[in-house]
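To find a chain, count down the sequence lines: A is the first, B the second, and so on, and within it residues start at 1.
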There are 2 protein chains.
Amino acid sequence: MEKENTYYGVKEIARRANVSIATVDRVLHNRSGVSEKTKKKINDIIKELDYQPNILASRLASKKIISLAVLIPRVSEETDFWEAPMKGITRADAEIKKYGILVSTFYFDLNDAASFNAQAAAILDGDFKGVLLAPSFIEESRKFIRSCREKKVPFVFIDSDVPDEDNLCYIGPHLFQSGYVGAKLSTYRLKEKHKVAVVNISKESDSYNYLQIEEGFRSYFKDKQLPIEIIRIDIKDTDSLSVTRDLTRALHDHDDIEAIFVTNSRVFSVAAFLEKNKRSDISLIGYDYLKENIDYLNKEFIDFLICHKPEEQGYRGLMALYQTLVLGAPVEKTHFMPIDIVTKENQAFYQN
Amino acid sequence: MEKENTYYGVKEIARRANVSIATVDRVLHNRSGVSEKTKKKINDIIKELDYQPNILASRLASKKIISLAVLIPRVSEETDFWEAPMKGITRADAEIKKYGILVSTFYFDLNDAASFNAQAAAILDGDFKGVLLAPSFIEESRKFIRSCREKKVPFVFIDSDVPDEDNLCYIGPHLFQSGYVGAKLSTYRLKEKHKVAVVNISKESDSYNYLQIEEGFRSYFKDKQLPIEIIRIDIKDTDSLSVTRDLTRALHDHDDIEAIFVTNSRVFSVAAFLEKNKRSDISLIGYDYLKENIDYLNKEFIDFLICHKPEEQGYRGLMALYQTLVLGAPVEKTHFMPIDIVTKENQAFYQN
DNA sequence: TTTGATTTCGGGTACGTACCCGTAAATATA
DNA sequence: TATATTTACGGGTACGTACCCGAAATCAAA
């Protein structure tokens, strides 16, 4: 593009190196057929001119399709949380389609690690140039990304991190600090009893994510040296009967709980319980901008929702792959999402 | 691009219409030299095929530069609020530069409407295809955008709206609801006195923006039927001596104020006052993610900052012009920004 | 030295659109 | 009717890069 005088094209490089543009092109794309001497000469000029490829021309001319795989949980009856990342992915897909990018989505069942493995295998069978994944199953994910690494396929994590991996990027919350924020929010309606509950509604009580959130939650009270008693409530069965049974027992054993902090998006089932039992005196904090949660927020049975922009995570995850594969631009290794505080008053304008 | 079988190019349209691609091109760009009969035939085929231009090819081939003007306040000694929108604008500029877009920025002084007019005139003198502006001066803005409208130059507002104008888009907060959120936040530390102050630190006490925020603030207490007494404090001179003088007087007259809501980003000067007078018992809420404000947030002299993502506004404003001028895509008339609640605990991850 | 194989290199075409310029056809004027 | 003007249309080139294929040069083997 001659619209900017400081940009040179392959023609100028070829002129200075006394070769054809075909040779310059071979060097740019690391194809064979150029002598080491010529290659060095061209690379020096590329560096000297700070050559920047014209992406429009490049993608127009190239017949290569860049296939990307997305590996995320399927939207389930229990939670439609995964609708939001998918929405972001669809948005990014529409934006980058014009560059010859083809996105394929592979869903797995959050309750079935075998489905994750099956879809991971399908991805490895295909010719994908990049992978965006939610590493819900840590060990299975490690196995999958080892294969990606061997094939030199960049991968991006969303929603949760797998520590010490060579991922291109992690885009998700800082979970410890998220729990810390939860603790602060649970103090706003504390009166005198100073007892709060941490509720984990999940088949797995000690997942890596949950532990970090709880650790952050407890740290707040320790840092502030607040005389708060924290009751941990584990609810393994996620159906509403079980939630009712377990909460009934816990609130009977601890009848002076003033606030409840739910560590994931199933806070609506606690809110339903509080509504049914006319316990609007208990402050409730949980996660995620889901329709059920918003409904209880508006009815004031939930005080705060903590949200990490899952839609934006999906969008940014795919854009990170585009940035590295198409633009050849650097990507920030870790992108922590904001820890958003959503209330009844500001929820209408929340951007997930 | 034959990568997607459902996309047809100008060649296919020409083939079906039995004309050359040059004629198709003339129709696509509304240039003269095509008979009505041929034009209709081509347009019918365009509609039938749902032809979508290849933007990469289009901008590569076109020699036209699309100039956009940005008209925003200069960063001042009083506030560097306007750094953030500029940052977003720069980011968008880098992203869309490859499409042949040239962005020029015109700054005005927030204390001098004449500077706004001078820059507006300079913009009208140039050949700009779109304008992004902060309509800080309402009447001057109306005059400017009337000229834009006559020249058929689309314009986008950020930060505040000018009602009933033919702007392409408004990207900014819903100010009434923002004040409403501020009121809710001011209740969290109310104990018994139930008296709160609304502080306006500005040369103009009745600006359109301020009035909407205060109206929202008052509406919250009215809606909840809370027995709250609201004290309005107007501070016309914005230097710290005046702030100290006016706050001292106000707190003397109302020594039972439990919370202060500042209607703009100058909340740091109230925080400085509270710090100096050891008034950590007063809850303080204000606006904007500025360094001074964050410092007082971390020292717990500010409880909450309400933020509207000014950087994102700048980014989206410019992207809206790109969308309409380059992509020919529809743009949503009003885009209300989130009303973000920033606390000491979540500020580190806030995305402005 | 001759022949065959491999490597290096460049011309040319392609991508999908933008736009210039020349030519033919249609229309207006003398 | 002849001439001048205007309109409609198409061929061709351009944009900056990607990549194929053929030719020339170099290297290795007989």
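- Regarding A/L56, its CG atom lies at a distance of 11 Å from the P atom of D/dT17, rounded to whole Å.
- Looking at residues two or more places apart in sequence or on another chain, you find a ring-ring contact (aromatic ring centres under 6.0 Å, His included) between A/F349 and B/H174, B/F336.
- Spacing between atom NZ of B/K11 and atom P of C/dT17 amounts to 9 Å, rounded to whole angstrom units.
- Taking side-chain N and O atoms only, B/S20 has a distance below 4.0 Å to OP1 or OP2 of D/dG10.
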- Encoded 5' to 3' (Watson-Crick or G-U under 3.5 Å; [ ] crossing; | other strand), DNA chain D becomes ||||||||||||||||||||||||||||||

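- Taking every heavy atom of residues 318-329 of chain A and every atom of DNA chain D, no pair lies under 4.0 Å.
- Partners of A/Y289 according to the ring-ring contact (aromatic ring centres under 6.0 Å, His included) rule, which considers only residues two or more places apart in sequence or in another chain, are A/Y350.
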- Apply the test side chain to side chain donor-acceptor pair (under 3.5 Å) to residues B/E12 and B/Y51: give CA-CA distance (whole Å), side-chain angles for both, the deciding distance (0.1 Å), then the verdict. CA-CA 10 Å; B/E12 178 64 19; B/Y51 167 75; over 6 Å; no

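- B/I21 pairs by the side chain to side chain contact (heavy atoms under 4.5 Å, CB included) definition with B/V10, B/K11, B/A14, not counting sequence neighbours.
- If you take CD of B/Q52 and P of C/dT17, they are 11 Å apart, rounded to a whole angstrom.
- Applying the side chain to side chain contact (heavy atoms under 4.5 Å, CB included) test to A/E311 and every residue at least two apart in sequence or in another chain returns A/A84, A/K87, A/R91, A/N352.
- A distance-only check finds a donor-acceptor pair linking the side chain of A/N54 to the backbone of A/A57 [under 3.5 Å].
- For A/T23, no side-chain nitrogen or oxygen approaches OP1 or OP2 of C/dT8 to under 4.0 Å.
- Between C/dT8 and A/T38, no contact under 4.0 Å exists linking OP1 or OP2 to a side-chain N or O.
- Nucleotide C/dA26 holds its C1' atom 16 Å from the CD atom of B/E36, rounded to whole Å.
- The salt bridge (Lys or Arg N to Asp or Glu O under 4.0 Å) analysis of residues 313-334 of chain A, with sequence neighbours excluded, yields the pairs A/E312-A/R316.
- The phosphate of D/dA8 (OP1 or OP2) has no side-chain N or O of B/S35 nearer than 4.0 angstrom.
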- In B/S/- notation (B base, S sugar-phosphate only, - none; protein heavy atoms under 4.0 Å), nucleotides 19-28 of chain D written 5' to 3' is B---------

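- Under the rule for a side chain to side chain contact (heavy atoms under 4.5 Å, CB included), the partners of B/T90 that lie at least two apart in sequence or sit in another chain are B/M86.
- The separation between B/N54 atom CG and D/dG16 atom P is 16 Å, rounded to whole Å.
- Look at CG on B/L28: it is 7 Å from P on C/dA18, rounded to the nearest Å.
- Distance, B/L60 CG to D/dT17 C1': 8 Å, rounded to whole Å.
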Could you list the donor-acceptor pairs under 3.5 angstrom formed between side-chain atoms of residues 323-331 of chain B and any protein atom two or more places apart in sequence or on another chain?
none

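- Of the options B/T38, B/D44, B/N43, a side-chain hydrogen bond (donor to acceptor under 3.5 Å, both in side chains) to B/K40 is made by B/D44 and by none of the others.
- Atom NZ of A/K41 is separated from atom C1' of C/dC9 by 12 Å (rounded to the nearest Å).
- By the side chain to side chain contact (heavy atoms under 4.5 Å, CB included) test, B/P73 is found to be paired with B/W82, B/F108, B/L110, B/A134, B/S136, residues two or more places apart in sequence or in another chain being considered.
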What pairs of donor and acceptor atoms, side-chain ones from residues 144-157 of chain B against any protein atom, are under 3.5 angstrom apart with sequence neighbours left out?
{"residue": "B/R149", "atom": "NH2", "partner": "B/E165", "partner atom": "OE1", "Å": "2.2"}
{"residue": "B/K151", "atom": "NZ", "partner": "B/L124", "partner atom": "O", "Å": "2.6"}

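- Contact between the side-chain N/O atoms of A/Y51 and the OP1/OP2 oxygens of D/dT17 is found at a separation under 4.0 Å.
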